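Reviewing the structure listed below.
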Amino acid sequence: MKKIEAIIKPFKLDEVKEALSDLGLKGLTVTEAKGFGRQKGHTELYRGAEYVVDFLPKVKIEVILEDTMVERAVEAIQQAAHTGRIGDGKIFISPVEDAIRIRTGERGDEAI
């Protein structure tokens, strides 16, 4: 099993969710986040004063899936979240030792 964490632009969430659903993924977790990468935020003008916005709004998507689906899921996220502009986001893949469904006690692939 693997865990995919994707940090994307908020307006791309629906497209990414749709792309993952088309692959047959049964569930995902979404968290609102703030952060910056190479773009280092931006400056804004408010009531005549200029100030720096260091942390930009992002969305973090977490998905746990079987090893066989990882590459297809990564491709789907990449294509759906891509705008071609700086700040499109990142995808991280980590191994998952075990998963347990609390309700039934199922473990491993059966739990996801």
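Everything numeric here is computed off the predicted structure, so don't read it as measured data.
Here D67 pairs with K2 under the side chain to side chain contact (heavy atoms under 4.5 Å, CB included) rule; sequence neighbours left out. K9 is linked by a side-chain hydrogen bond (donor to acceptor under 3.5 Å, both in side chains) to nothing, counting only residues two or more places apart in sequence or in another chain. Residues satisfying the salt bridge (Lys or Arg N to Asp or Glu O under 4.0 Å) criterion with K3, sequence neighbours excluded, are E62. Residues meeting the side-chain hydrogen bond (donor to acceptor under 3.5 Å, both in side chains) test with K60, sequence neighbours left out: E5. Taking the side chain to side chain contact (heavy atoms under 4.5 Å, CB included) definition, one finds that P57 meets it with P10, sequence neighbours left out.
One finds the NZ atom of K58 at 9.0 Å from the NZ atom of K90 (value rounded to the nearest 0.5 Å). Of the inter-residue distances, the one linking L13 atom CG with I61 atom CD1 reads 5.0 Å to the nearest 0.5 angstrom.
Side chains of T83 and F11 form a contact here, defined as non-hydrogen atoms less than 4.5 Å apart.
Residues I100 and M1 do not share a hydrophobic cluster, clusters being chains of Ile/Leu/Val/Met/Phe/Trp/Tyr side chains in contact below 4.5 Å. Residue I91 is grouped with residue M69 when hydrophobic side chains (ILVMFWY) are merged at heavy-atom distances under 4.5 angstrom, including chains of intermediate members. A continuous path of hydrophobic side-chain contacts links V59 to L28 [ILVMFWY only; heavy atoms under 4.5 Å].
Chaining together hydrophobic side chains whose heavy atoms lie under 4.5 Å apart places F92 alongside I7.
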- Message: I8 vs D88, test: side chain to side chain contact (heavy atoms under 4.5 Å, CB included). Steps then yes/no.
- Response: CA-CA 6 Å; I8 63 169; D88 272 355; over 6 Å; no
For residues 18-25, which side-chain donor-acceptor pairs fall under 3.5 Å, sequence neighbours excluded?
from	atom 1	to	atom 2	distance (Å)
S21	OG	K17	O	3.0

Using distance only, find each side-chain donor-acceptor pair of residues 73-80 under 3.5 Å and give its atom names and separation, not counting sequence neighbours.
none

Pairs of donor and acceptor atoms involving the side chains of residues 103-112, under 3.5 Å and at least two apart or interchain, shall be tabulated with distances.
from	atom 1	to	atom 2	distance (Å)
T104	OG1	E106	N	3.3
T104	OG1	E106	OE1	2.9
E106	OE1	R101	NE	2.7
R107	NE	D98	OD2	2.9
R107	NH2	D98	OD2	2.7

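The side-chain hydrogen bond (donor to acceptor under 3.5 Å, both in side chains) analysis of residues 24-33, with sequence neighbours excluded, yields no pairs.
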